[in-house]
Amino acid sequence: MARLFALVDCNNFYASCERVFQPALRGKPVVVLSNNDGCVIARSNEAKALGIDMGTPWHLYRGQFEEQGVIVRSSNYTLYGDMSARVMRILAGFTPDLEVYSIDEAFLDVAGIVDLEAHVRRLRATVLQWTGIPVSVGIAPTKVLAKVANRLAKKDPAAGGCRLLRDPDVQHEALQALGLGDLWGVAKRMATRLEAEGIRTPLELRAADPQLLRQRFGVVMQRLSQELRGVSCLPLELAVPDRKSVVASRSFGRPITAHADVEEAVASFVSRAAAKMRRQGLAAAHLITFIETNPFREQDKQYRAQRGLTLPVATADTATLITAAHAALSAIWRDGYRYKKAGVMLVDLVKASSVGSGLFDRPDDARSLARMKALDGLNMRFGRDTVTLGRTGLPRPWALRRDQLSQRFTTHWEELLAI
DNA sequence: TCTGGGGTCCTAGGACCC
DNA sequence: TCTGGGGTCCTAGGACCC
């Protein structure tokens, strides 16, 4: 059977969440601000109609917002996360084949649904009734086209919150009305590059030579073009994969110049990120600390830097990670700058259980040291999926599965033994 | 002993998304 | 004085090993 994807997207999600708990906000222009009340990250339809753009810095428009009667809310991510979970649970009741794509979007497999129109009507009504959140639905044979359909469902009041792009003629007509930048996966820079190659519209992108796209723009653009033709290249991702990185970062309320202050911030970033990582049962084999000045202050000397550091053993221990993050910070620290932002990324995440199960639970543990010493001089073979240790004191070669070790871990064996 | 090519790893940066 | 935070994927170039 032909594929059919439905993209369910919550309308103006953060603004809608605020309205659920404050019905007086209905019908009024509402915007939600980012951390530190920096800029606009969500707008109700009424706010959009006033011409307020995404990312508008609040401090520049504060007065104007007041004049226009725009209601401003600081963001409340705990609330939005909770509302999101409720919406997703309801959607899961409509089909088990569901991919939660973001906090406010999900792709559903609707290929087998008989009366699609009635099904979607019921879905929208249920979500609205049980959560107070309005959603739009776009349906098409590929994810990229489902995104297009969803956009039309939102923009066109006559659509009734749902658009179907199954018929090729209808797809053609829909794409004709769009610019390149309206496509999922094409932003400003890519649009400019495509235009320079003579590809100016979604229809031209759809018709472009796949080999040329692959060569000039890479595999992502080639797939996007295929998806526009109705050839599905992006499958539904049903299983939620393990996270590959966890980031904690913040802009400082005011510029910071002292090393000690940034150290303090970095320590708190690490503990936040590590806690999040532990909740997911993961450990980090690599850590990156970064700092930067305020790029908006052109009169200031600019500096940005990051430093990565491979841990001898993947770990989820906050104290170990803080030590590493501080070492990385010292390597990139320069006096004399006004730092505006800093952060820590935990990357190369592996299952914590695989780290704890084996040889090197704790590098400073005496037994671990002895084990590592015993490994010295061993015959090591790095296979595709395994690392095999031979000889000395082992009844038979000892194979460790690579996927239970981090990549960096296995290739830095010497480093490990040097501890 | 010399040479070349392939594979992998690492880092940095770009681009995009919500 | 004041412009978010958290992610993913891809590419390119250099180092290194076999």
Side-chain angles (χ1 to χ4, degrees), chain A residues 7 9-10 12-14 32-42 53-63 74-75 77 80-81 84 100-106 143-144 147 180-181 183-194 214-224 234 237 240-255 269 272-273 276-277 285-286 288 290 292-300 304-310 328 332 338 340-349 381-384 402 406-415:
Chain A
L7 174 63
D9 192 323
C10 301
N12 316 323
F13 184 54
Y14 296 169
V32 177
L33 301 179
S34 63
N35 269 5
N36 292 339
D37 291 342
C39 55
V40 172
I41 55 169
D53 286 330
M54 198 74 161
T56 302
W58 183 46
H59 74 266
L60 293 180
Y61 295 88
R62 198 171 174 166
S74 297
S75 43
Y77 294 102
Y80 310 148
S84 172
V100 177
Y101 174 70
S102 74
I103 193 164
D104 69 338
E105 286 169 275
K143 283 180 164 182
V144 169
K147 273 274 189 184
L180 279 177
L183 296 175
W184 187 36
V186 182
K188 220 175 214 157
R189 314 235 169 184
M190 198 51 84
T192 308
R193 274 183 61 200
L194 286 165
R214 176 75 182 86
Q215 270 177 6
R216 303 278 173 84
F217 300 98
V219 66
V220 176
M221 196 52 62
Q222 187 189 13
R223 278 200 286 251
L224 202 157
L234 305 172
E237 315 256 358
V240 180
D242 279 337
R243 230 173 248 314
K244 297 182 172 176
S245 63
V246 171
V247 179
S249 71
R250 279 286 178 279
S251 293
F252 303 128
R254 61 188 64 228
F269 297 148
R272 272 215 328 266
K276 184 169 179 182
M277 180 174 71
H286 194 78
I288 296 166
F290 65 89
E292 59 189 65
T293 51
N294 186 348
F296 294 105
R297 282 183 61 93
E298 287 169 11
Q299 65 271 39
D300 283 2
R304 54 187 289 193
Q306 65 177 59
R307 176 58 56 98
L309 204 150
T310 298
I332 51 175
R338 295 155 57 85
K340 176 62 183 169
K341 186 176 176 181
V344 171
M345 286 183 247
L346 304 179
V347 297
D348 281 3
L349 303 188
R381 253 194 16 253
F382 291 86
R384 188 180 162 73
R402 269 193 187 237
S406 82
Q407 290 170 2
R408 293 168 206 261
F409 185 83
T410 54
T411 53
H412 282 284
W413 208 266
E414 297 82 351
E415 215 175 282

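Residue numbers begin at 1 in each chain, while the letters A, B, ... track the order of the sequences.
- Using a 4.5 Å heavy-atom threshold, the side chains of A:L194 and A:M221 count as touching.
- Rounded to whole Å, the P atom of C:dT3 lies 25 Å from the corresponding atom of B:dC17.
- The nearest pair of heavy atoms linking A:P57 to A:Y61 is O-CD1, 3.2 Å.
- Backbone-only engagement by A:R243 is indicated by non-hydrogen atom pairs under 4.0 Å involving sugar-phosphate atoms exclusively.
- The aromatic rings of A:Y101 and A:W184 lie perpendicular to each other, with more than 60° between the two planes, well past the 30° mark.
- Taken to the nearest 0.5 Å, the SG atom of A:C39 stands 10.5 Å off from the CG atom of A:L60.
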Review item, side-chain donor-acceptor pairs of residues 241-249 of chain A, under 3.5 Å, at least two apart:
unit_1 : atom_1 : unit_2 : atom_2 : d
A:D242 : OD1    : A:K351 : NZ     : 3.4
A:D242 : OD2    : A:K351 : NZ     : 2.3

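- Ring orientation note: the planes of A:Y77 and A:Y14 are nearly perpendicular, at an angle over 60° on the 30°/60° scale.
- A salt bridge links A:E105 to A:K147: one of the charged nitrogens lies within less than 4.0 Å of a carboxylate oxygen.
- In DNA chain B, stems built from 3 or more consecutive Watson-Crick or G-U wobble pairs, each with both distances under 3.5 Å, span B:5-18 with C:5-18.
- Using a 4.0 Å cutoff to heavy atoms of chain A, the contacted part of DNA chain C runs 5' to 3' from C:dC2 to C:dT11.
- Within 4.0 Å (heavy atoms only), A:R297 reaches sugar-phosphate atoms of the nucleic acid but no base atom.
- Within the 4.0 angstrom heavy-atom criterion, no nucleotide atom of any strand lies near A:R307.
- Within 4.0 Å of A:P241, counting heavy atoms only, lies no atom of the nucleic acid at all.
- Across all strands, A:R272 comes closer than 4.0 Å only to sugar-phosphate atoms, never to a base (heavy-atom distances).
- The minimum heavy-atom distance between A:S75 and A:N35, with the atom names listed, is OG-N, 4.1 Å.
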